[in-house]
Amino acid sequence: MESLKAVVTSSCLLVLDFRGLGLEKWLVLELGPQLAGDGNLATYSLPFEFRALEAILQHRVNVLHTRLNEVQPQVLDCLDSLVDPKLLSADRSKLHMLLLNSKSLSELETDIKVFKDSLLKILDEDELIDELCLTKWSDPQVFEESSLGIDHAEEMELLLENYFMQAEELGNKARELKDLIDDSESVIFINLDSHRNVMMRLNLQLTMGTFSVSLFGLMGVAFGMNLESTFEEDPRVFWLVTGFMFLGSGLIWRKLLSFLGRHLEPSSPTPIPPVWRKNQIGPLKTTDIKPGTR
């Protein structure tokens, strides 16, 4: 089971190379009582190898569970910030964090797949399942039937299938979270493009206004030259020329805006609904793991 390597016999469990792997707490506080049959495991009434194997499988599933619970809230927080419709630019720190979490999520998916493949390889071979029932072969006096009337091989198969289904559920949660990250990329680009289009439209409108004012401003330039004419003698000509300049500039600007409206639909930043709801992917709890084989 990845970093956890052990040899299971019909009477003892040998854990190999556990130092520096963070297994000390599990070995001291959890594994001993579980192997002693304190009732926390569904296989407490079955032979020793069943309890040892369930303890190992449960530990492995709990580790995967914890990793998913650590990544999930960080991913949802990053996505919630990046798909905000009011966001004018993407936060680089959030994007970097999302990239790291996406990488961690891919590694988690790989580990879950390896765990599932290991169990599936055993489940596909009835002989392998039968060989895991060590007490059945080492002690001829052991009854073939368990207290529930089920053969030990069937008990072993139920145990493996139970943890395979739990791994399948974890894989679905991780895959759903990965899909949210992929879907959010298009939402982020749409949001940023919307704001970019608004800024480009505003810039174009200002450019057209500047062009209109500059065009009719030539009249003021012409009258401001040091040339004598009969017009500068009349005080009404100043207001007439000024009014004609503002009126002509406004008309030209309106014509250009009308042309822009006919060829380019007005775009405004519309609220983009989030691609997920937080209550759709609730935090996983350790109570979701069913330790029993029933």
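Given the structure is predicted, the values throughout are model-derived calculations rather than measurements. Nothing fancy with the numbering, it's 1 onward along the sequence.
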K.L.:
Can you list every pair that meets salt bridge (charged side-chain N to carboxylate O under 4.0 Å, His left out) and has a residue in residues 55-70, with sequence neighbours left out?
P.N.:
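Output for this query lists Arg67-Asp111.
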K.L.:
Please tell me if the side chains of Leu108 and Val71 come closer than 4.5 Å, counting only heavy atoms from C-beta onward.
P.N.:
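In short, these two side chains do not touch, never coming nearer than 4.5 Å.
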K.L.:
Is there a path of hydrophobic side-chain contacts, each under 4.5 Å between heavy atoms of I/L/V/M/F/W/Y residues, joining Val63 to Val15?
P.N.:
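No.
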K.L.:
Any donor-acceptor pair under 3.5 Å linking the side-chain atoms of Gln34 with those of Gln58?
P.N.:
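Per modelled atom types, Gln58 and Gln34 side chains form a pair under 3.5 Å.
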K.L.:
How close do Ala52 and Val8 get, counting heavy atoms only, and between which atoms?
P.N.:
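Heavy-atom minimum between the residues: CB-CG1, 3.9 Å.
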K.L.:
Decide yes or no for Leu53 and Met156: does some side-chain heavy atom of the first lie under 4.5 Å from some side-chain heavy atom of the second?
P.N.:
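Yes - at least one pair of side-chain heavy atoms lies under 4.5 Å apart.
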K.L.:
Would you indicate whether the side-chain heavy atoms of Leu57 and Leu160 approach each other to under 4.5 Å?
P.N.:
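Result yes, sub-4.5 Å side-chain heavy-atom pair found.
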K.L.:
Decide yes or no for Leu180 and Val75: does some side-chain heavy atom of the first lie under 4.5 Å from some side-chain heavy atom of the second?
P.N.:
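When only atoms from C-beta onward are counted, Val75 and Leu180 do not touch, as no gap falls below 4.5 Å.
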K.L.:
Which value, rounded to the nearest 0.5 Å, describes the distance between Leu105 atom CG and Thr110 atom OG1?
P.N.:
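Rounded to the nearest 0.5 Å, the CG-OG1 separation comes to 10.0 Å.
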K.L.:
For side-chain contact (heavy atoms from CB on, under 4.5 Å), just list the numbers for Leu158 and Glu161, CA-CA rounded to whole Å, side-chain angles, deciding distance to a tenth of an Å, and then say yes or no.
P.N.:
CA-CA 5 Å; Leu158 289 174; Glu161 285 180 350; 4.1 Å; yes
K.L.:
Is any side-chain heavy atom of Asn101 closer than 4.5 Å to one of Ile181?
P.N.:
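Ile181 vs Asn101: side chains apart.
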K.L.:
I'd like to know if the side chain of Glu54 reaches the main chain of Thr43, judged simply by a donor and an acceptor atom lying under 3.5 Å from each other, with no hydrogens or angles considered.
P.N.:
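Judged by distance alone, yes, a pair lies under 3.5 Å.
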K.L.:
Please enumerate all residues that pass salt bridge (charged side-chain N to carboxylate O under 4.0 Å, His left out) together with Glu168, with sequence neighbours excluded.
P.N.:
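For Glu168, the residues satisfying salt bridge (charged side-chain N to carboxylate O under 4.0 Å, His left out) (neighbours in sequence not counted) are Lys116.
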K.L.:
Name each donor-acceptor pair under 3.5 Å that joins a side chain in residues 118-131 to protein atoms two or more places apart or in another chain, with its distance.
P.N.:
from: Ser118; atom 1: OG; to: Val114; atom 2: O; distance (Å): 2.9
from: Asp130; atom 1: OD1; to: Lys136; atom 2: NZ; distance (Å): 3.1

K.L.:
Indicate yes or no for a side-chain donor-acceptor contact from Asp77 to the backbone of Pro73 under 3.5 Å, with no hydrogens or angles considered.
P.N.:
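It does not hold such a pair.
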K.L.:
My understanding is that only residues two or more places apart in sequence, or in another chain, count here; which of them pass ring-ring contact (aromatic ring centres under 6.0 Å, His included) with Phe50?
P.N.:
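His152.
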K.L.:
Would you say the side chain of Leu170 lies within less than 4.5 Å of the side chain of Phe115, judging by non-hydrogen atoms?
P.N.:
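Contact flag for Phe115/Leu170 side chains = no.
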K.L.:
Roughly how far, to the nearest 0.5 Å, is CG of Leu68 from CD of Glu109?
P.N.:
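Answer for the CD-CG pair, Glu109 versus Leu68, is 9.5 Å.
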K.L.:
Heavy atoms only: give me the nearest Leu13-Ala6 pair and the separation to one decimal.
P.N.:
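Distance-wise, the nearest heavy atoms are CD1-CB, 3.8 Å.
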K.L.:
Of all heavy-atom pairs between Leu4 and His59, which one has the smallest distance, and what is that distance?
P.N.:
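Result for this residue pair: CD2-CD2, 3.7 Å.
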K.L.:
So do the side chains of Leu159 and Leu46 get within less than 4.5 Å of each other, counting heavy atoms only?
P.N.:
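Not touching, per the 4.5 Å side-chain cut-off.
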K.L.:
The criterion is salt bridge (charged side-chain N to carboxylate O under 4.0 Å, His left out); which residues satisfy it with Lys113, sequence neighbours excluded?
P.N.:
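Counting only residues at least two positions away or on another chain, Lys113 forms a salt bridge (charged side-chain N to carboxylate O under 4.0 Å, His left out) with Asp117.
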K.L.:
Other members of the hydrophobic cluster containing Leu29, with the 4.5 Å side-chain heavy-atom rule, please.
P.N.:
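Grouped by the 4.5 Å side-chain rule, Val28 form the rest of the cluster around Leu29.
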K.L.:
Considering only heavy atoms from C-beta outward, does the side chain of Leu132 approach that of Glu49 to under 4.5 Å?
P.N.:
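SC-SC contact between Leu132 and Glu49 ruled out.
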K.L.:
Return the minimal non-hydrogen interatomic distance between Ala55 and Leu31, and the atom names on each side.
P.N.:
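Closest approach of Ala55 to Leu31: CB-CD1, 3.8 Å.
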K.L.:
Spell out, yes or no, whether Leu35 and Leu27 are grouped together once hydrophobic residues are joined by side-chain heavy atoms under 4.5 Å, including indirect joins.
P.N.:
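Per the 4.5 Å side-chain linkage, Leu35 and Leu27 are co-clustered.
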